Amino acid sequence: MGLSRVRAVFFDLDNTLIDTAGASRKGMLEACPSVSLLKRKPSTEIWGFSVNKAEKIYAFVIKLLQSKYHYKEEAEIICDKVQVKLSKECFHPSNTCITDLRTSHWEEAIQETKGGTANRKLAEECYCLWKSTRLQHMTLAEDVKAMLTELRKEVRLLLLTNGDRQTQREKIEACACQSYFDAIVVGGEQKEEKPAPSIFYYCCDLLGVQPGDCVMIGDTLETDIQGGINAGLKATVWINKNGIVPLKSYPMPHYIVSSVLELPALLQSIDCKVNM
């Protein structure tokens with residue numbers, strides 16, 4: 001079988017199209033200058049956000065607890081506990097919904113910190129504020145929009161994201177990215193998620209292309225890159241923003257970039273190789 005040009009590109013969402021690491025430290029400090037997490041974890045991420053952005057999001061909840069409910073240092077302790085619970089979260093959609101699960105994180109954190117009986121109403125209020133603030137930061141940058149618009153003139157585009165259906169659909173709605181893609185596939189709506197080959201084959205069928213016609217770009221080696229390799233895609237592109245050196249046991253991507261904005265030039269290079 002002869003070599004073919006790239007006909008379709010599959011994009012991951014979180015930390016690929018949505019820049020979850022670009023939050024403003026200044027904005028966070030203006031919202032709540034005493035938040036503690038940043039001091040302890042200067043180079044980590046919290047539930048898909050850089051510490052700066054996560055801190056800004058939690059700051060709104062802390063202000064609520066301090067101003068409306070007259071909590072003092074307990075407000076920060078509660079948010080610390082919720083962050084830990086999110087990092088250890090195991091979600092099974094057949095057993096519970098994501099809203100109930102995450103409201104329970106807040107309810108447990110409040111009770112563990114303050115004692116007494118559970119306060120579901122307050123937990124719901126905290127969760128709703130945390131969630132709405134978080135979604136406000138789910139934006140598609142103008143240069144990314146422009147890139148997608150131009151790419152779509154040449155190839156078919158598909159958004160392929162793992163995660164709970166409700167959570168991911170809310171993100172997609174918040175960043176208003178639907179119009180930039182020919183199809184959108186959420187792992188939580190399928191029988192299997194990345195890195196299973198089946199979800200990649202499903203994406204190919206949606207676009208009417210073969211795996212050898214497609215490129216997968218994402219920031220996670222274990223799912224985006226391994227999945228693309230498992231499915232026999234033409235190429236995989238790993239976004240490595242921080243210059244991380246992966247472990248030898250990790251899958252090896254065909255290409256590495258530091259930003260999704262490098263993709264158009266890379267695709268051109270791939271096609272040039274085909275024509276040689």
Side-chain angles (χ1 to χ4, degrees), residues 4-24 45 48-50 52-53 134-163 168-187 194 199-200 203-204 206-221 223-225 227-229 231 233-244 253-275:
S4 62
R5 295 173 60 89
V6 175
R7 295 181 58 201
V9 179
F10 302 163
F11 285 88
D12 175 48
L13 177 63
D14 294 299
N15 298 311
T16 296
L17 291 176
I18 298 175
D19 183 10
T20 56
S24 168
E45 288 195 353
F49 287 94
S50 68
N52 288 352
K53 184 164 286 187
R134 182 174 183 253
L135 287 173
Q136 289 173 16
H137 291 276
M138 297 286 183
T139 58
L140 206 59
E142 291 301 319
D143 51 5
V144 173
K145 293 179 182 178
M147 178 201 68
L148 292 173
T149 300
E150 290 303 308
L151 274 181
R152 201 173 176 200
K153 296 175 182 178
E154 305 293 334
V155 297
R156 308 206 73 188
L157 304 184
L158 181 142
L159 182 65
L160 175 56
T161 176
N162 275 2
Q168 297 309 101
R169 287 292 175 183
E170 286 173 346
K171 292 178 185 177
I172 290 164
E173 184 71 24
C175 71
C177 66
Q178 301 95 318
S179 62
Y180 296 95
F181 293 94
D182 296 289
I184 294 175
V185 176
V186 175
K194 297 178 288 186
I199 196 168
F200 288 87
C203 293
C204 291
L206 281 179
L207 299 185
V209 296
Q210 296 299 313
D213 300 327
C214 305
V215 171
M216 175 73 212
I217 180 166
D219 70 299
T220 307
L221 290 169
T223 55
D224 301 317
I225 304 308
I229 293 170
L233 299 193
K234 183 179 191 66
T236 56
V237 183
W238 180 40
I239 299 178
N240 184 6
K241 296 179 181 179
N242 301 315
I244 297 169
H254 296 89
Y255 302 95
I256 301 174
V257 296
S258 60
S259 166
V260 70
L261 297 174
E262 297 174 42
L263 183 62
L266 178 58
L267 291 177
Q268 199 169 39
S269 173
I270 294 172
D271 280 341
C272 284
K273 290 180 180 179
V274 171
N275 294 330

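Residue indices begin at 1 and follow the sequence shown. From a predicted model like this one, the values you see are computed outputs, not experimental measurements.
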Heavy-atom side-chain proximity of Leu263 to Val9 below 4.5 angstrom: yes
Within the supplied structure, the quantity of interest is the number of heavy atoms (other residues, nucleotides, ligands) at a distance under 6.0 Å from Gln210 CD; does it exceed 12? no
Nearest-0.5 Å distance, CG of residue Asn242 to OG of residue Ser258: 10.0 Å
Please identify each residue that fulfils side-chain contact (heavy atoms from CB on, under 4.5 Å) with Thr220, with sequence neighbours left out. Glu222, Thr223, Asp224
Side-chain donor/acceptor of Gln268 to backbone N/O of Pro264, under 3.5 Å: no
Val144 side chain reached by Ile18 side chain, heavy atoms, under 4.5 Å: no
Heavy atoms only: give me the nearest Gln178-Ile172 pair and the separation to one decimal. OE1-O, 3.6 Å
Any heavy-atom pair between the side chains of Pro253 and Thr236 that's under 4.5 Å? yes
Judged by atom type as modelled, is there a donor-acceptor pair below 3.5 Å linking the side chain of Ser259 to the main-chain atoms of Leu261? yes
Is there a side-chain contact between His254 and Ile225 in this structure, where contact means two heavy atoms from C-beta onward sitting under 4.5 Å apart? no
To the closest 0.5 Å, what do you measure between OG1 (Thr16) and CG (Leu159)? 9.5 Å
CD1 on Ile184 to SG on Cys203, rounded to 0.5 Å: 11.0 Å
Is the closest basic N to carboxylate O distance between Asp213 and Arg5 below 4.0 Å? no
Can you tell me how far CG of Leu206 sits from CG of Asp182, rounded to the nearest 0.5 angstrom? 10.5 Å
Taking the side chain as every heavy atom from C-beta outward, state whether Val260 and Met147 have any atom pair closer than 4.5 Å. yes
Can you find a heavy atom in the side chain of Ile239 that is under 4.5 Å from one in the side chain of Asp12? no
Check the pair Tyr180, Leu151 against side-chain contact (heavy atoms from CB on, under 4.5 Å), reporting the backbone distance first and the verdict last. CA-CA 10 Å; Tyr180 296 95; Leu151 274 181; over 6 Å; no
Lys/Arg N to Asp/Glu carboxylate O, Lys241 vs Asp219, below 4.0 Å: no
Looking at side-chain heavy atoms only, is the closest gap between Val215 and Val155 below 4.5 Å? no
Identify the heavy atoms of Lys145 and Leu140 that sit nearest to each other, and give their distance. CE-O, 3.2 Å
Least distance between heavy atoms, Cys214 atom then Val209 atom: SG-CG2, 3.4 Å
Asn162 and Gln168: side-chain donor and acceptor closer than 3.5 Å? no
Kindly give the heavy-atom pair with the smallest separation between Lys194 and Thr161, and that separation in Å. NZ-CA, 4.1 Å
Tell me, with the steps shown, if Trp238 and Leu221 meet side-chain contact (heavy atoms from CB on, under 4.5 Å). CA-CA 7 Å; Trp238 180 40; Leu221 290 169; 3.6 Å; yes
Phe200 and Phe10 aromatic ring geometry - parallel, tilted or perpendicular at 30°/60° bounds: tilted
So NZ of Lys171 and CG of Asp14: to nearest 0.5 Å the spacing works out to 3.5 Å
Please indicate whether Glu262 has more than 12 foreign heavy atoms, meaning atoms of other residues, nucleotides or ligands, lying under 6.0 Å from its CD. yes
Quick check: closest heavy atoms across Phe11 and Leu157, and the distance to 0.1 Å? CE1-CD2, 3.8 Å
Taking every heavy atom of Leu207 against every heavy atom of Arg156, the minimum-distance pair comes out as O-NH1, 3.0 Å
